[in-house]
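As structure tokens, the structure follows; a few thoughts come after it.
Owing to the predicted nature of the structure, the values given are computational and were not obtained by experimental measurement.
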Amino acid sequence: MQEGSFTATEYREPALEPGMAYQGPVETSIGTFSDERDAIEAARVRWKAFRASGSRDVAWWIVRAQGEGLARWIAESRSSVERVLDLRTNELVELEA
């Protein structure tokens, strides 16, 4: 990954049916982007499409900068709220429209 790049990733936990064993989340790379806004937009498109699909799976999407452990942006399938990293406090806060 190049300096100044951002990764967008999807994590999905398939809905469990009776008798199914929990397998953990499946990680899917959406891509690597040189611009944070592009990474967020790519993840946002996937998030909105998933929410519209009616899937019972649980999923979440994150954007991180290279080498960072904290997400810069996160959304999850059961919520219409996006969160962004407040760089002053290193806490996720709701994105204000």
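Clustering ILVMFWY residues whenever any of their side-chain heavy atoms sit less than 4.5 angstrom apart, transitively, puts Tyr11 in a cluster other than the one holding Val45.
In terms of heavy-atom proximity, Arg72 sits nearest to Ala65 at NH2-CB, 3.7 Å. Contact between Ser80 and Trp47 at its shortest, heavy atoms only, is O-CH2, 3.6 Å. For the pair Ala42 and Ile30, the tightest heavy-atom approach, listed with the atom from each and the gap, is CB-CG2, 4.0 Å. The shortest non-hydrogen separation linking Trp60 to Glu76 is CB-CB, 3.8 Å. Looking at every heavy atom in both residues, Ala8 comes nearest to Ala43 through CB-CB, 4.2 Å. Asp57 and Ala15 make their closest contact through OD1-N, 2.8 Å (heavy atoms, listed as atom of the first residue, atom of the second, distance).
A side chain to side chain contact (heavy atoms under 4.5 Å, CB included) with Thr89 is found for exactly one of Leu85, Leu92, Asp86, namely Asp86.
Distance check, rounded to the nearest 0.5 Å: CZ of Arg12 to CZ of Phe50 gives 4.5 Å. The CD atom of Glu94 sits 10.5 Å away from atom CD of Glu82, with the distance rounded to the nearest 0.5 Å. To the nearest 0.5 angstrom, Trp73 atom CH2 is 10.0 Å from Ile62 atom CD1. Between the CD1 atom of Ile40 and the CH2 atom of Trp61 there is a distance of 15.0 Å, given to the nearest 0.5 Å. Here Leu95 contributes atom CG and Ile74 contributes atom CD1; the two are 13.0 Å apart, rounded to the nearest 0.5 Å.
When hydrophobic residues (I, L, V, M, F, W, Y) are linked wherever their side-chain heavy atoms come within less than 4.5 Å, Val81 remains an isolated member.
Under a 4.0 Å N-O distance rule, the pair Arg56/Glu17 qualifies as a salt bridge.
A donor-acceptor pair under 3.5 Å links the side-chain atoms of Arg51 to the main chain of Ser77, judged by distance alone.
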